[in-house]
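Right, one structure below, let's go through it.
Computed over heavy atoms, backbone and side chain alike; hydrogens, waters and symmetry mates excluded. Here is the naming used below: chain letters follow the sequence lines, and residue numbers restart at 1 for every chain.
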There are 2 protein chains.
Amino acid sequence: MPRIGMEPVRRKALIDAAIDAIHQDGMAHVTMGTIARRAGVSAGLAHHYFGGKEKLLLATMRHLLSELGTEIEQRLKQAETPRARISAIIEGNFAPCQFRPAVVSAWLAFYAAAETEPEARRLLRVYRRRLESNLVHALQDLTESRAEAGELAETIAALIDGLWIRHSLAEGEAAPGGATRLVENVVEAALAPRRSGRAKG
Amino acid sequence: MPRIGMEPVRRKALIDAAIDAIHQDGMAHVTMGTIARRAGVSAGLAHHYFGGKEKLLLATMRHLLSELGTEIEQRLKQAETPRARISAIIEGNFAPCQFRPAVVSAWLAFYAAAETEPEARRLLRVYRRRLESNLVHALQDLTESRAEAGELAETIAALIDGLWIRHSLAEGEAAPGGATRLVENVVEAALAPRRSGRAKG
DNA sequence: TTATGTTGATTGACTGTTCAATCAAAAACC
DNA sequence: GGTTTTTGATTGAACAGTCAATCAACATAA
């Protein structure tokens, strides 16, 4: 069984398993054993590759952050106007692969964990700062003052976070499209006074 | 020392201790022992009054929900117009006693726990449904369609949740007033097309 | 042989929970 | 008023279970 070059394969399998395990058992009850079994390996191997439970969980978090970052960057590359950049960021945050129940659960768990785990807190802050920086930059050409851009950016960021949370509690399947539209509406309304008043899609 | 009539005193002390313990150690690491010690009693007593760890945590959650409900209802009673009712709900959600760091931590932890604990999930849904019902009802006189009222209510609710989360990660002390203003701005902008355009405070 | 991949057993610490015993106030009785 | 009984409050120790982490050992490929 032991073929060589297994390390990246196992790492990915363990991270994916961690996401699912957090979703199913909750961060408080998740164990190395269940994660490892779900990945089809022994608990010892998980320690071998990640060096401990906390490290594995942080690696999982980094994986999620990196995936989300990629999702946003891809859309940003294709956006040509500041307004399109805003939409790219919004849409990227609600990308279907990020909106999966297990992923949403994991995000929520990491937000909660960040309250007490310094490294998790740091990671989340870095991500948040970059998101806001992107938003403010794009908004600078669309608003009149830097303060206004900052406030709108904060509003958009909070709205995105809030819609994520609500999605996690939703009974039925709420489509990502619905969330996107709500945020776009807020952006349009906030920008309306300064524009010729184009109708929304 | 054993005076009688201690039960309500101990219950409250244990619930308060639970909130602080969750804030300091995180839901994943909190134990009956630390909660009890913080409340100045033995772990056995916590079991005696609450019947177990999960029950104590659920009681803590109910306490938080009830406190928030009171905060909102008080403000709703003094509101005379639909528009004022909206503001009452927003302000109630950001009431200072709810915006304390330990309370925000606990809320976040319960949101995460609700992902796997059915009773916590149920409680959160009840609370959320009532919040939205309040919002939709007040918005009915301010919007043109029931659908629009529903969407705006969802937006406001999500924004409130999101600002809470961001507050929990905030480095500096973000004032509740700032959060209130951001939500009010969104409400005003959404309602603007239908109004004579009164300036915001 | 050497390096990598992998497991299973083991351990030491910690946790939720139970329970018998203790102690003090209150109530009932004389 | 004093004595006895009852009841609520409270603890400390003990139990049973779980988990993260370690480690020695084994298998395979180069």
Can you identify which nucleotide, out of [options], has its nearest atom closest to the [X] side chain?
X       : options                : value
A:Met6  : C:dG5, D:dT10, D:dT11  : C:dG5
A:His47 : D:dA21, D:dA9, C:dT6   : D:dA21
B:Lys53 : C:dT17, D:dA20, D:dT10 : C:dT17
A:Ser42 : C:dT7, D:dT11, C:dG16  : C:dT7

Please give, in whole Å, the distance from [N] [atom2] to [X] [atom1]?
X       : N      : atom1 : atom2 : value
B:Leu57 : C:dG16 : CG    : C1'   : 13 Å
A:Leu14 : D:dA20 : CG    : C1'   : 15 Å
B:Ile35 : C:dT15 : CD1   : C1'   : 12 Å
B:Leu56 : C:dG16 : CG    : C1'   : 12 Å
B:Lys55 : C:dT17 : NZ    : C1'   : 12 Å
B:His29 : C:dA13 : NE2   : P     : 18 Å
B:Glu7  : C:dA25 : CD    : C1'   : 17 Å
A:Arg37 : C:dG8  : CZ    : P     : 12 Å

With respect to the phosphate group of D:dG8, does any side-chain polar atom (N or O) of B:Arg10 fall under 4.0 Å of OP1 or OP2?
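It does not, given that no N or O in the side chain of B:Arg10 lies less than 4.0 Å from OP1 or OP2 of D:dG8.
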Return the orientation label for the B:Trp107 and B:Tyr127 ring planes: parallel under 30°, perpendicular over 60°, tilted otherwise.
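Plane angle between 30° and 60°, so tilted.
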To the closest 0.5 Å, what do you measure between CD (B:Glu117) and CZ (B:Arg122)?
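Here the interatomic distance stands at 13.5 Å.
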Does CD belonging to A:Glu54 count more than 12 external heavy atoms closer than 6.0 Å?
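Counting other residues, nucleotides and ligands, CD of A:Glu54 stays at 12 neighbours or fewer.
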Contact class for [X] (heavy atom, under 4.0 Å): base, sugar-phosphate, or nothing?
X       : answer
A:Thr31 : sugar-phosphate
A:Phe50 : nothing
A:Val30 : sugar-phosphate

Nearest heavy-atom pair of B:Leu58 and B:Ala120: which atoms, and what distance?
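Closest approach of B:Leu58 to B:Ala120: CD2-N, 3.9 Å.
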Can we say A:Glu188 and A:Arg83 salt-bridge, meaning some charged N sits less than 4.0 Å from an Asp/Glu carboxylate O?
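A salt bridge links A:Glu188 with A:Arg83.
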